[in-house]
There are 2 protein chains.
Amino acid sequence: MTESYGKKRLTRTVLSEQIKEQLMEDIFHKKYKAGDRIVESALARELGVSQASVREALRSLIAMGFLENEPFKGTAVRSFTAKDLMEVVTVRVALETLAGQLSIRRITDEEIAELERITSEMIAASKEGDTQRRIRLNIAFHEKFVETSGNKLLVQLYNYMHFGNWSLLTGSLSEMDPIQIATRHRILIDALRARDPDKVAKAVREHIESTTKPLSDMLAQANL
Amino acid sequence: MTESYGKKRLTRTVLSEQIKEQLMEDIFHKKYKAGDRIVESALARELGVSQASVREALRSLIAMGFLENEPFKGTAVRSFTAKDLMEVVTVRVALETLAGQLSIRRITDEEIAELERITSEMIAASKEGDTQRRIRLNIAFHEKFVETSGNKLLVQLYNYMHFGNWSLLTGSLSEMDPIQIATRHRILIDALRARDPDKVAKAVREHIESTTKPLSDMLAQANL
DNA sequence: TTTAAATCTATTATCGATTGTTTAATTATA
DNA sequence: TATAATTAAACAATCGATAATAGATTTAAA
């Protein structure tokens, strides 16, 4: 998870974990689209592994919200509605606002510098047209931000939710103005540096809502 | 989960699900204590099922936070520190406050009545000395409350977190004055009925913090 | 023709056995 | 005695195969 952004990998032996990451990539790259059914036995044959390993990977992705399933019926890539998206925004604002309030009391200058570094990299990636990388860095930024809260449960919950809606968010991000996103990040960083609770809350809300608005409009048109 | 409190059970066939519930019961009843190791093969033999089914149940409980594990090393009942508890309180307040704000705009009289009914049942259970039932009803109350928000992601997140810390909370609840808890519930219900955002926020915060305080004190003494 | 039972098919859920890893115990070496 | 190499035991991870289930298809009755 946070791995995508610099971290050593000592134990990369667990097969089901590899399958899981492979599947995440495949969903991310739209090899599997919303609603597509994933058949354990077929995938096992395709990857040359046992059904059990595939199954374990699937269960994990189900828990994360990437996939959904019903007993004896099977597993499919989850599809999202406009309402689902609104729910994500609502909850994200609540969780990241909380993170911001907690951060203020304990964030270090090093952590702030780290957030700035990620933002700079993001802008660089944007200019190079490396969308994939830009998206990953955006995720890294928000994860890092939540981590500075020092609340592990919050981080856990955030990741749990975040990844379940990854595919959803990434799709829209690619259509957004990267400079604007980066600017929002800077505003948030400044608010953190000033340790100003109200500014942080405002920055979080505006950042998330602005990021999600275009997608929201799009979905509202498509579904409802 | 919400099942414990009135719901039809059409498909009660999935073995791993039964094992999971059995294990939750066992952890709940302290058959397995914090730190205890759970061995897949041994448990499979004990229950007369295959290791695969046990394993699946365990993975699910790991995802919920009941258990923790490391690849190739095994699975153990998670233990909690005072810090963990503080984190739970912090996040619960945030999530339930959000739930309250959302509820105000859409909660129905029927739902309010339902909350009252659960609270009444809780008091009855207290008077009968049925601690087990009282705890379940308390959980049912909070779940129902969060459900009235109409935000499914929030419900999902709440359950995810809640159950991971069930054993922790229940332990302390049994030592608390049940009448006081019920009173807090009533205050919250009244605030909802009045559709008053500030009152709801206040009621939520005070309810959760008062519920958790004695346990917090206890843990602070024991650990830190 | 419509409905209901019976059969078939695809796929999940479960099983029993095998393989790979970790940890602890044992022996060898300094 | 202390440290390193070796072996043994316990157990998780993975496998290949079987049983159970839902859904589709066919057949039988009305």
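Note on naming: letters A, B, ... go to the chains in the order of the sequence lines (proteins, then strands), and numbering restarts at 1 for each one.
- At the heavy-atom level, A:Thr75 lies nowhere under 4.0 Å from the strands shown.
- Applying the side-chain contact (heavy atoms from CB on, under 4.5 Å) rule to B:Ala99 yields the partners B:Phe145, B:Val146, B:Ser149, B:Leu154; only residues at least two apart in sequence or on another chain are considered.
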Distances under 3.5 Å between protein N/O atoms and the N/O atoms of nucleotides 15-19 of chain D, please, pair by pair.
residue: D:dC15; atom: OP2; partner: A:Ser50; partner atom: N; Å: 2.7
residue: D:dC15; atom: OP2; partner: A:Ser50; partner atom: OG; Å: 2.8
residue: D:dC15; atom: OP2; partner: A:Ser53; partner atom: OG; Å: 2.9

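- The nearest pair of heavy atoms linking B:Ser126 to B:Arg134 is OG-CD, 2.6 Å.
- For the pair B:Leu43 CG and D:dC11 P, the computed distance is 13 Å after rounding to whole Å.
- B:Lys20 has its NZ atom 15 Å from the C1' atom of C:dA13, to the nearest Å.
- Distances shown here put every side-chain N or O of A:Lys73 at or beyond 4.0 Å from the OP1 or OP2 atom of C:dT11.
- When heavy atoms are screened at a 4.0 angstrom cut-off, A:Arg45 is found touching no nucleic acid atom at all.
- With sequence neighbours left out, the side-chain contact (heavy atoms from CB on, under 4.5 Å) criterion links B:Glu56 to A:Arg55, A:Arg59, B:Ser16.
- Per the geometry, CD belonging to B:Glu17 stands 15 Å off C1' belonging to C:dT14, to the nearest Å.
- In the set C:dA13, D:dA13, C:dT23, C:dA13 carries the atom at the smallest distance from any side-chain atom of A:Phe72.
- Atom CZ of A:Arg37 is separated from atom C1' of D:dG23 by 10 Å (rounded to the nearest Å).
- Every salt bridge (charged side-chain N to carboxylate O under 4.0 Å, His left out) that B:Lys73 has, sequence neighbours left out, goes to B:Glu70.
- The side chain of B:Glu40 approaches D:dA12 more closely than any other nucleotide in the set C:dT14, D:dA12, C:dT21.
- Partners of B:Glu46 according to the salt bridge (charged side-chain N to carboxylate O under 4.0 Å, His left out) rule, which considers only residues two or more places apart in sequence or in another chain, are B:Lys31.
- The aromatic rings of B:Phe141 and B:His207 stand perpendicular to each other, their planes meeting at an angle above 60°, with 30° marking the opposite boundary.
- With sequence neighbours excluded, no residue forms a side-chain hydrogen bond (donor to acceptor under 3.5 Å, both in side chains) with B:Gln101.
- Remark: C1' of D:dA13 and CD1 of A:Ile19 are 11 Å apart, rounded to the nearest angstrom.
- Taking only side-chain nitrogens and oxygens, A:Arg55 never comes nearer than 4.0 Å to OP1 or OP2 of C:dT12.
- Between B:Ser16 and C:dA13 there is no side-chain N or O to OP1 or OP2 distance below 4.0 Å.
- Distances were taken from every side-chain heavy atom of A:Val39 (C-beta onward) to each of D:dC11, C:dT11, C:dT23; the shortest belongs to C:dT11.
- Dashed line: the shortest gap from a side-chain N or O of A:Arg59 to OP1 or OP2 of C:dA13 is under 4.0 Å.
- Atom CG in B:Leu47 sits roughly 17 Å away from atom C1' in C:dA13 (whole-Å rounding).
- Counting any heavy atom pair closer than 4.0 Å across all strands shown, A:Leu58 reaches no nucleic acid atom.
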